[in-house]
Amino acid sequence: MKTITVKGVGTASRRPDQVTLNLSLEAKDEDYEAALEKASADVNELSDVLCAAGIGKPRTLSYNVRTDYRSIRGEDGNYSQKFDGYVSSYRLSLSFGFTMERLKTALGALSGCSAKPEIDVAFGLSDPAALDDELLENAALNAKVKAAALCRAMGKELGELISIDYDWTNPQQFSNTRMEGNALFAANPKCAVADIDPE
């Protein structure tokens with residue numbers, strides 16, 4: 001039995017239908033418990049305003065408490081590290097169905113908080129598995145076309161499929177479109193957010 005081996009390449013794209021807000025915030029205090037309480041209060045406020053706006057409650061991606069130091073230059077010209085407090089930090093994430101109106105509502109709610117998180121907005125898919133399936137189908141069809149072309153060139157007919165071997169690495173499931181500039185989001189509760197159509 002004679003065999004040929006071909007490599008298929010698939011591409012697929014869909015319009016983003018989900019938006020993810022990644023929120024980072026820190027609270028600092030010389031007292032350990034005070035630093036934790038400040039950060040916790042900020043997280044509770046973020047959750048409350050987003051829930052009140054009908055967006056949902058963000059989930060915690062990571063939580064960290066660290067000591068902070070600052071460099072002090074002594075009279076001898078040498079630097080030393082001096083304790084500057086405890087820093088309590090959270091990374092939160094919240095995904096919801098994308099419409100420009102819902103995104104504006106979420107950002108407007110966040111801009112009215114006394115807590116001012118760093119905000120990263122990412123656009124993606126609510127059902128990435130469907131895109132994965134489309135990619136695999138397109139790659140398989142591409143391989144079949146290549147195999148048929150090779151057989152025609154050699155005056156042969158393409159026979160039965162013998163085996164499939166594929167190396168699957170998760171493709172990018174987020175749009176390259178980014179929304180940046182926290183001053184835009186934190187200005188006031190009625191801040192203007194430009195209409196966008198993410199790729």
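Every value quoted in this text rests on a predicted model; they were computed, and no experiment measured them. Throughout, residue positions are numbered sequentially from 1 according to the sequence presented. Note: hydrogens, waters and symmetry copies are ignored here, and every other heavy atom, side chains too, is used.
- Judged by distance alone, with hydrogens and angles left aside, the side-chain atoms of K82 form no donor-acceptor pair with the main-chain N or O of S71 at under 3.5 Å.
- The two residues I119 and V121 come nearest to each other via the heavy atoms CG2-CG2, 4.0 Å.
- Cluster membership for M100 and I55, using ILVMFWY side-chain heavy atoms within less than 4.5 angstrom, is shared.
- Here the closest heavy-atom approach between residue L125 and residue Q18 is recorded as O-NE2, 3.7 Å.
- Looking only at side-chain heavy atoms (C-beta outward), L136 and E134 stay at 4.5 Å or farther from each other.
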> Going through the distances and angles, do I72 and R70 end up as a side-chain contact (heavy atoms from CB on, under 4.5 Å)?
Replying inline: CA-CA 6 Å; I72 303 293; R70 68 175 185 271; 3.5 Å; yes
> Could you walk me through whether L21 and L103 pass the side-chain contact (heavy atoms from CB on, under 4.5 Å) check?
Replying inline: CA-CA 9 Å; L21 301 181; L103 179 57; 4.1 Å; yes
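- Around the CG atom of L161, the shell of radius 6.0 Å holds more than 12 heavy atoms that belong to other residues, nucleotides or ligands.
- Residues L61 and S93 approach most closely at CD1-CB, 3.6 Å, considering heavy atoms.
- For the atom pair OH of Y90 and OG1 of T60, the computed distance is 6.5 Å after rounding to the nearest 0.5 Å.
- Residues E157 and C151 are not in side-chain contact: their nearest non-hydrogen atoms beyond the backbone lie 4.5 Å or more apart.
- If you take NZ on K28 and OG1 on T67, they are separated by 10.5 Å, rounding to the nearest 0.5 Å.
- Using modelled atom types, no side-chain atom of N142 and backbone atom of G10 make a donor-acceptor pair closer than 3.5 Å.
- By the 4.5 Å heavy-atom criterion applied to side chains, S47 and P58 are counted as neighbours.
- For the pair T20 and S95, the tightest heavy-atom approach, listed with the atom from each and the gap, is OG1-OG, 2.7 Å.
- In this structure, the side chain of S175 engages the main chain of T177 through a donor-acceptor pair within 3.5 Å.
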> Between L94 and L23, is a side-chain contact (heavy atoms from CB on, under 4.5 Å) present by the stated rule, with each step listed?
Replying inline: CA-CA 8 Å; L94 174 63; L23 311 170; 5.8 Å; no
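- Side chain of R73 to backbone of S80: no donor-acceptor contact under 3.5 angstrom is found.
- Contact check for R66 versus N64: side-chain heavy atoms found under the 4.5 Å cut-off.
- Distance CD/E45 to CG/L25: 10.0 Å, rounded to 0.5 Å.
- Side-chain N or O atoms of K116 include one that pairs as donor or acceptor with a backbone N or O of S111 at under 3.5 Å.
- Applying the ring pair (Phe, Tyr, Trp, His ring centres under 6.0 Å) criterion to F96, with sequence neighbours excluded, gives no partner residue.
- Summarising the geometry, atom NZ belonging to K57 is positioned 8.5 Å from atom CG belonging to D48; distances are rounded to the nearest 0.5 Å.
- Between the side chain of N138 and the backbone N or O of T11 there is at least one donor-acceptor pair closer than 3.5 Å.
- With rounding to the nearest 0.5 angstrom, the SG atom of C113 is 8.5 Å from the CG atom of D42.
- Shown here is Q81, whose CD atom has more than 12 heavy atoms of other residues, nucleotides or ligands within 6.0 Å.
- Cluster membership for V65 and Y69, using ILVMFWY side-chain heavy atoms within less than 4.5 angstrom, is shared.
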>> Is there a side-chain contact (heavy atoms from CB on, under 4.5 Å) between L92 and N22? Walk through the geometry before answering.
In response: CA-CA 6 Å; L92 309 167; N22 293 305; over 6 Å; no
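- Closest of all the heavy-atom pairs between L135 and A12 is CD2-N, 3.5 Å.
- Between the side chain of N44 and the main chain of S40, a donor-acceptor pair closer than 3.5 Å is present.
- Considering NZ of K38 and CD of E33, their distance stands at 13.5 Å, rounded to 0.5 Å.
- Among all heavy-atom pairs drawn from P117 and L46, the shortest one is CG-CD2, 3.9 Å.
- R14 is listed as a side-chain neighbour of L131, based on a closest heavy-atom distance under 4.5 Å.
- Residues S88 and E26 bring no donor and acceptor atom of their side chains to less than 3.5 Å of each other.
- Below 30°, between 30° and 60°, or above 60°: for Y32 and Y86 the angle between ring planes is above 60°, a perpendicular geometry.
- Criterion: ILVMFWY side-chain heavy atoms under 4.5 Å apart, direct or through other members. Under it, F83 and L36 are part of a common hydrophobic cluster.
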